[in-house]
K.L.:
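Right, I'll just put the structure down here and ask away after.
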Amino acid sequence: MKTNLFLLAGKLAPLVLLTLPLCAAENWVRYDALPAGSKAKVDGTSTIHDWTVESRLIAGHVEFDSGFNLDQPAPGKVNAHCVVTIPVRQLKSDSTKMDTVMYEHIKQKDYPRIEYRLTEMTLKEAPKTPDAPFLFDTKGELAVAGVTNKVQMPVAMTRVGKDKLKFTGSTSVKMTTFGIQPPTLVGILSTGDDVKISFEWLAAKKEEK
Amino acid sequence: MNNTESVELNRREFLKGSSFATLMTMLGGVELITPTPARAVDLETLVPFQVKCAVVGLGAWGREILATLSRLKTAQLVAVCDTYPVSLKRAASSAPKAQGVEDYRKILDDKEVRAVIVGTPTHKHREIVIAALQAGKHVYCEAPLAHTIEDARAIALAAKAARKQVFQAGLQTRSNAQRRFLLDFIRTGATGKTVKAHAQWHKKQSWRATSASADREKELNWRLNRETSGGLVGEIGIHQIDTLAWFLNVRPVSVTGFGSLVQWRDGRDVPDTVEAVFEFPEGVRLTCEGTLANSFDADYELLYGTDAAIMTRGNKAWLFKEVDSPLLGWEVYAQKDQFYKETGIALVANATKSTQQGEKSGDDVPFSSTSLRSALESFLINVNEIGSAVEDFGASFDPNDKAALEKYLAGIKLQPRAGYQEGYEAAVMALKANEAILKGEKVAFKKEWFELA
């Protein structure tokens with residue numbers, strides 16, 4: 001009988017482990033990306049002029065441990081999850097030709113999305129007024145063209161109305177670290193390796209059903 | 001996407017390319033030339049995407065559409081349709097891999113087909129276009145949208161309701177880089193106050209097609225029957241009327257028409273020689289005339305201003321300045337052509353950009369694009385843009401959130417084209433002009449005729 005109980009416990013253990021995240025999820029406050037009001041931008045340089053591509057589509061979600069109180073935030077590490085994706089095809093410049101060249105270099109057909117996953121979030125200091133932004137230092141993983149790199153960037157979070165959060169931030173990366181050869185149009189221009197990625201991302205609290 | 005793409009005068013090229021001989025002939029006319037846009041060449045080389053399309057209607061113009069599409073690498077012709085088997089066979093040379101069908105509904109049932117280009121006789125547009133839109137296809141519909149305003153309205157309303165799809169009216173000059181360049185040039189006020197406009201289309205041809213079968217012949221000659229034809233002004237003049245009204249940037253107040261059967265008295269009831277006079281606000285009139293009985297001076301459009309007149313012929317345009325008009329600066333270096341006793345200054349689109357990209361412009365580069373090609377190119381790019389936006393939005397957010405999706409799609413930059421509104425308004429102008437011609441009277445336009453409820 002004893003043996004059987006141990007056996008049973010052994011069989012149940014994975015189930016218990018599987019249900020743990022589900023139980024934990026109940027203690028998370030989730031915000032989902034809104035379909036409007038966001039903007040991701042990549043700024044770069046070239047031998048002729050600077051260039052910019054933009055996307056108005058940023059999908060994903062962020063969730064905070066329910067212990068993180070937006071009204072009385074404590075500086076320090078914040079227990080948070082965040083995954084954000086941008087469809088590469090929605091990054092646009094003013095030139096179709098430029099976009100075509102970019103999609104090819106970024107291997108859009110094989111890797112149609114740019115993905116960011118948060119790994120660490122630290123609140124630097126509590127906002128001094130209700131309207132002031134929360135300033136975080138973040139660490140995360142950025143996946144572009146099939147290559148994932150670690151990135152660090154300061155992120156500001158502002159409360160918008162009752163249930164929305166707006167995140168803004170920017171970081172600089174080198175195209176070559178993602179295995180992307182800076183595009184060159186023969187005889188016309190060549191682009192610089194350094195690009196600046198910046199974003200404004202709007203998310204709303206998930207309605208409880 | 002580049003509907004805001006700037007167009008520039010060929011100032012640098014004029015300076016760079018001006019030879020002694022050019023300077024010596026400076027007293028002559030200056031031609032306004034559009035070199036092939038560099039973007040089109042690069043796009044073709046890169047083949048950024050392919051749209052699976054079908055062409056419905058394989059008459060003379062349908063075959064022209066097919067031939068143009070077959071040269072665009074962004075188009076993948078998967079099906080062609082015509083009710084006449086011989087036309088299907090003829091089309092095979094342009095689209096050997098496309099499946100030939102006699103019933104257009106087979107094309108609509110094919111999930112692979114994303115875009116349908118309708119080049120059937122005008123009176124057959126309504127049924128096919130609406131069914132295609134309802135089947136979720138992107139649609140390019142030749143101009144005029146229909147032979148009656150009622151049908152044109154039904155098509156435009158169906159297109160308006162199809163928010164996730166691209167609808168383009170075949171008013172191809174709306175996608176023509178030269179015309180768009182001229183539009184910007186005119187908007188700067190370089191021609192002064194608008195005085196009047198004129199359009200001419202002259203060709204000596206019967207418009208009649210023959211066939212061994214009487215039924216087939218009747219079907220082929222739909223243009224010669226008032227019941228099915230928009231007449232010269234509806235079938236041909238619509239492109240010129242649309243372009244000039246676009247330049248004038250205002251809707252007409254009335255149209256008076258005259259028509260007669262001078263040459264081709266073969267049983268047809270559609271005039272072979274017509275004149276329509278459109279009245280616009282502030283006393284501006286557009287005269288539009290066409291004939292199938294004489295070919296002198298072919299076809300052109302003229303816009304007269306107090307400082308200059310602009311003439312367009314095909315892909316070329318010229319400026320004719322008044323002696324008391326302000327000096328623009330660049331025109332003294334510009335290429336000029338002589339027209340009888342007048343001197344035309346050539347107007348060139350995108351020339352500075354081409355120069356930056358190391359390309360030659362002007363007469364050195366033959367214009368390799370046609371308005372039809374530009375229009376179809378725009379259509380395919382827009383299909384790809386809207387199609388991928390709908391797909392990506394649906395993968396990221398609730399695809400049933402119509403308001404959010406529409407807002408997102410409204411922000412997508414599209415290639416220049418005539419949409420359902422432009423297609424409908426042009427049909428109203430041209431078909432009412434045809435009505436005025438047939439009745440020999442004046443028709444006053446009502447504001448509500450142009451509006452889509």
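Per chain, numbering begins at 1; letters A, B, ... match sequence-line order. Computed over heavy atoms, backbone and side chain alike; hydrogens, waters and symmetry mates excluded.
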K.L.:
For the residue pair A:Ala36 and B:Lys407, what are the closest heavy atoms and their distance?
P.N.:
CB-NZ, 4.1 Å
K.L.:
Salt bridge or not for B:Glu391 and A:Arg89, using N-O below 4.0 Å?
P.N.:
yes
K.L.:
Can you tell me how far CD of A:Gln108 sits from CZ of B:Phe49, rounded to the nearest 0.5 angstrom?
P.N.:
12.0 Å
K.L.:
What part of B:Tyr408 is in contact with chain A, defined as an atom under 4.5 angstrom from a non-hydrogen atom: side chain, backbone, both or neither?
P.N.:
both
K.L.:
Return yes when atom CZ of A:Arg159 has more than 12 non-hydrogen atoms of other residues, nucleotides or ligands closer than 6.0 Å, and no otherwise.
P.N.:
yes
K.L.:
In this structure, are over 12 heavy atoms from other groups packed under 6.0 Å from A:Lys124 atom NZ?
P.N.:
yes
K.L.:
Verify the neighbour count for atom NZ of B:Lys164: are there more than 12 heavy atoms of other residues, nucleotides or ligands below 6.0 Å?
P.N.:
no
K.L.:
Let's test your reading of the structure: which of A:Ala59, A:Pro112, A:Gly60 forms the most heavy-atom pairs below 4.5 Å with chain B?
P.N.:
A:Ala59
K.L.:
Check this for me: A:Lys164, atom NZ, are more than 12 non-hydrogen atoms of other residues, nucleotides or ligands nearer than 6.0 Å?
P.N.:
no
K.L.:
Give, as side chain, backbone, both or neither, the part of B:Asn384 having an atom under 4.5 angstrom from any heavy atom of chain A.
P.N.:
neither
K.L.:
Ignoring hydrogens, what is the shortest heavy-atom contact between B:Ile412 and A:Arg56? Give both atom names and the distance.
P.N.:
N-NH2, 3.5 Å
K.L.:
Compare all side-chain heavy atoms of B:Leu405 with those of A:Pro35 and state whether any distance is below 4.5 angstrom.
P.N.:
no
K.L.:
Could you check whether B:Lys413 pairs with A:Asp94 (Lys NZ or Arg NE/NH1/NH2 to Asp/Glu carboxylate O, under 4.0 Å)?
P.N.:
yes
K.L.:
To the nearest 0.5 Å, what is the distance between CG (B:Asp398) and CG (A:Asp32)?
P.N.:
11.5 Å
K.L.:
Out of curiosity, B:Phe397 CZ to A:Leu57 CG, how far, rounded to the nearest 0.5 Å?
P.N.:
5.0 Å
K.L.:
How long is the gap from CG on A:Asp99 to CD on B:Glu385, to the nearest 0.5 Å?
P.N.:
7.0 Å
K.L.:
If you measure from OG1 on A:Thr85 to CG on B:Asp392, what distance do you get to the nearest 0.5 Å?
P.N.:
9.5 Å
K.L.:
To the nearest 0.5 Å, how far apart are CZ in A:Arg113 and OG in B:Ser396?
P.N.:
7.5 Å
K.L.:
A quick test of your reading: do over 12 heavy atoms of other residues, nucleotides or ligands sit less than 6.0 Å from CD of B:Glu112?
P.N.:
no
